[in-house]
Amino acid sequence: MGQTDKQFGGFLRMLIARMKGAVDALEKGGQQEALDLMRGILTDLQNTLED
């Protein structure tokens, strides 16, 4: 079962918000926080592909 366009749009908005959080952390010098955020995003994307 696939996603509707609206669901996919919501997924992309969530992904963009999380990535912006990682960028914000980098700009503030929080390299470890940014790395943790990016690892979490990558894990979630991988899990999405495997479901």
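One-based numbering along the sequence shown. Remember, predicted model here, so these are calculated numbers, not experimental data.
Using a 4.5 Å cut-off on side-chain heavy atoms (C-beta onward), Ile16 and Met19 make no contact.
For the side chain to side chain contact (heavy atoms under 4.5 Å, CB included) test, residues two or more places apart in sequence or in another chain that qualify with Thr43 are Asn47. Residues satisfying the side chain to side chain contact (heavy atoms under 4.5 Å, CB included) criterion with Leu35, sequence neighbours excluded, are Gln32, Arg39. Among residues two or more places apart in sequence or in another chain, the side chain to side chain contact (heavy atoms under 4.5 Å, CB included) test is passed with Gln7 by Gln3, Thr4.
Of all heavy-atom pairs between Gly40 and Arg18, the closest is C-NH2, 3.4 Å. In plain terms, the two heavy atoms of Ala22 and Ala34 that are nearest each other are O-CB, 3.4 Å.
In this structure, CG in Leu15 is found 5.5 Å from CG in Leu45, a value given to the nearest 0.5 Å.
Under the 4.5 Å side-chain heavy-atom criterion for grouping Ile, Leu, Val, Met, Phe, Trp and Tyr, Leu37 is not connected to Phe11 through any hydrophobic cluster. A continuous path of Ile, Leu, Val, Met, Phe, Trp and Tyr side chains, each step under 4.5 Å between heavy atoms, connects Ile41 with Phe8, placing both in one hydrophobic cluster. Both Met38 and Leu12 belong to a single network of hydrophobic side chains, linked directly or stepwise wherever heavy atoms of I, L, V, M, F, W or Y lie under 4.5 Å apart.
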